[in-house]
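Below: one structure, written as structure tokens.
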Amino acid sequence: KEVIDRLRFLKAEIEDLELKERELDQQKLWLQQSIKNVMDDSINNKFSYVTHEDICNCFNGDTLLAIQAPSGTQLEVPIPEMGQNGQKKYQINLRSHSGPIHVLLINKE
Amino acid sequence: AQECQNLEIEKQRRIERIKQKRAQLQELLLQQIAFKNLVQRNRQNEQQNQGPPAMNSTIQLPFIIINTSRKTVIDCSISSDKFEYLFNFDNTFEIHDDIEVLKRMGMSFGLESGKCSLDDLKLAKSLVPKALEGYITDISTGPSWLNQGLLSNSA
Amino acid sequence: PGLTPRSALLYKFSGSPSKSLKDINNMIRQGEQR
């Protein structure tokens with residue numbers, strides 16, 4: 001009897017979880033559409049920028065490279081490896097197929 | 001008993017998937033709040049300053065930021081058409097997208113870290129679709145909301 | 001260049017989730033610790 005009760009309870013729980021998951025899927029699609037509408041809005045687009053000051057205040061004192069690139073541009077980071085002089089080398093490759101990439105060096109100074 | 005065991009496993013899988021989907025929904029909500037808040041801030045600034053900031057002092061979204069120590073030596077090769085860049089750094093770096101930068105600027109009212117004031121909570125709610133406002137309250141309570149209503153199931 | 005192909009982590013503009021960048025940052029950080 002106990003196992004049969006447990007089975008019934010589990011089935012009810014799984015049904016409840018299924019409903020929760022379906023609701024989340026629906027809300028995610030809806031929110032993605034809402035975000036797209038907001039970002040595509042021409043007025044919002046006019047005000048969708050940050051100032052260099054904004055960025056410098058977020059990364060105190062570092063050297064910053066701001067990169068703007070067309071959708072689909074690929075950024076590739078190989079696993080760091082040891083260079084000939086025993087120093088680690090860190091690399092970033094940027095590859096676009098649909099338009100030029102813009103890189104801006106920003107430094108507080 | 002075997003079927004019970006299978007259903008227990010199935011239930012745990014679903015609970016994990018729901019947590020992931022809640023985390024994704026949270027990320028999207030923070031993105032919408034941060035973006036709308038940025039637009040409002042810039043609009044107000046432009047009204048106060050009677051016009052936009054100097055052209056070469058702003059960066060339009062979307063963008064990514066690479067930050068590295070000021071001491072890092074960066075070697076950069078660029079193709080003539082600017083379709084390809086190769087950067088070599090002699091030190092570590094980090095890469096962040098624009099939403100991460102907006103969060104660091106406080107544009108998502110600190111919701112992601114559970115440090116949101118009541119006033120800001122009200123503001124944040126006004127920036128998302130009404131039907132999703134309840135999630136903002138949940139998110140403001142901190143990461144534990146991802147388990148909310150699921151632990152009872154697992155019990 | 002060694003025989004084993006160097007693997008790399010990728011991020012696609014307006015295509016990959018922020019998590020991909022977090023994975024790259026973790027790899028760089030681990031590379032440093034290693």
Side-chain angles (χ1 to χ4, degrees), chain A residues 3 6-7 10-11 13-14 16-18 20-21 24-25 27-28 30-32 34-35 38-39 43-44 46-55 57-59 61-69 71 75 77 80 87-97 99-104 106-107, chain B residues 1 3-4 7-8 10-11 14-15 17-18 21-22 24-25 28-29 31-32 35-36 38-40 42-43 46 53 57-70 72 74 76 81-93 95 98 101-102 104-105 129 131-132 149-150 153:
Chain A
V3 171
R6 183 77 191 138
L7 263 181
L10 278 168
K11 282 177 181 165
E13 278 194 307
I14 285 174
D16 172 49
L17 291 170
E18 188 158 3
K20 275 194 174 82
E21 191 169 355
L24 281 165
D25 291 339
Q27 287 168 337
K28 179 181 172 186
W30 189 43
L31 186 52
Q32 280 170 328
S34 170
I35 289 172
V38 165
M39 290 190 149
I43 301 286
N44 288 341
K46 180 170 169 278
F47 295 104
S48 61
Y49 59 80
V50 295
T51 65
H52 297 175
E53 198 64 29
D54 287 329
I55 296 181
N57 291 335
C58 292
F59 299 95
D62 280 357
T63 292
L64 302 170
L65 292 170
I67 299 176
Q68 288 171 302
S71 287
L75 178 145
V77 178
Q87 192 161 23
K88 271 250 168 85
K89 275 173 45 187
Y90 302 90
Q91 210 174 63
I92 295 178
N93 293 313
L94 283 170
R95 201 169 293 120
S96 161
H97 300 291
I101 299 167
H102 299 290
V103 179
L104 187 67
I106 308 175
N107 235 339
Chain B
E3 196 183 345
C4 256
L7 286 184
E8 284 287 357
E10 169 66 11
K11 187 186 75 176
R14 284 175 184 270
I15 285 176
R17 266 208 318 258
I18 286 173
K21 290 183 176 179
R22 282 180 172 175
Q24 287 167 11
L25 199 73
L28 289 170
L29 284 164
Q31 182 179 343
Q32 182 159 61
F35 181 82
K36 283 186 164 181
L38 176 75
V39 166
Q40 276 182 5
N42 289 340
R43 193 196 301 259
E46 290 198 17
S57 72
T58 62
I59 294 172
Q60 196 73 22
L61 271 64
F63 62 82
I64 66 165
I65 290 287
I66 299 171
N67 70 291
T68 183
S69 154
R70 185 199 320 239
T72 302
I74 305 173
C76 176
D81 59 5
K82 287 195 171 182
F83 276 45
E84 201 155 346
Y85 282 69
L86 172 63
F87 292 101
N88 277 300
F89 298 74
D90 70 350
N91 200 341
T92 58
F93 56 76
I95 310 178
D98 42 23
V101 171
L102 295 189
R104 288 185 184 215
M105 287 168 58
L132 302 179
L150 299 178
N153 290 72

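Just so you know, these numbers use all the heavy atoms, side chains as well, and skip hydrogens, waters and symmetry mates. All values derive from a computational prediction rather than experimental measurement.
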Worksheet item: Nearest heavy-atom pair of B:T58 and B:P53: which atoms, and what distance?
Response: CG2-CG, 3.4 Å
Worksheet item: Based on non-hydrogen pairs under 4.5 Å, which of A:L31, A:V38, A:N93, A:L64 is most in contact with chain B?
Response: A:L31
Discussion item. For B:K21, I'd like to know if atom NZ has over 12 heavy atoms of other residues, nucleotides or ligands within 6.0 Å.
Written reply: yes
Worksheet item: Which pair of non-hydrogen atoms, one from A:A66 and one from B:I59, has the smallest distance, and what is that distance?
Response: CB-CD1, 3.3 Å
Item to complete: Return the option, out of A:W30, A:F59, A:Y49, with the maximum number of heavy-atom pairs under 4.5 Å with chain B.
Response: A:Y49
Discussion item. Looking at B:E8 and B:K11, is any side-chain nitrogen of the basic one under 4.0 Å from a carboxylate oxygen of the acidic one?
Written reply: yes
Worksheet item: Any side-chain heavy-atom pair from A:V77 and B:F93 closer than 4.5 angstrom?
Response: yes
Fill in: Top of A:Q32, A:M39, A:H97 for chain B proximity - count of heavy-atom pairs under 4.5 angstrom
A:M39
Discussion item. What part of B:L29 gets within 4.5 angstrom of chain A, counting heavy atoms only: side chain, backbone, both, or neither?
Written reply: both
Item to complete: Flag the pair B:R22 / A:L24 as yes when at least one side-chain heavy-atom distance between them is below 4.5 Å, and no otherwise.
Response: yes
Practice prompt. Examine whether an atom of B:Q24 lies under 4.5 Å from a heavy atom of chain A, and if so say whether it belongs to the side chain, the backbone or both; otherwise answer neither.
Written response: side chain
Discussion item. At a 4.5 Å cut-off on heavy atoms, which part of B:E46 comes close to chain A: side chain, backbone, both, or neither?
Written reply: side chain
Worksheet entry | Option in A:E21, A:K11, A:H102, A:K28 with maximal non-hydrogen atom pairs under 4.5 Å from chain B | A:E21
Worksheet, complete the sentence: Bottom line for B:T68: the part with an atom under 4.5 Å from chain A's heavy atoms is both
Fill in: chain B interface, residue from A:T51, A:V103, A:L65 that has the most non-hydrogen pairs under 4.5 Å
A:L65
Worksheet entry | Counterpart residues, side-chain hydrogen bond (donor to acceptor under 3.5 Å, both in side chains), relative to B:N67 (two or more places apart) | A:D62, B:H96
Worksheet, complete the sentence: If you tally heavy-atom pairs under 4.5 Å between each of A:L104, A:D25, A:I43 and chain B, the highest tally belongs to A:D25
Fill in: Contact class of B:D90 relative to chain A, heavy atoms under 4.5 angstrom
both
Discussion item. I'd like to check the side-chain hydrogen bond (donor to acceptor under 3.5 Å, both in side chains) partners of B:Q31; sequence neighbours left out, ordered by chain and number.
Written reply: none
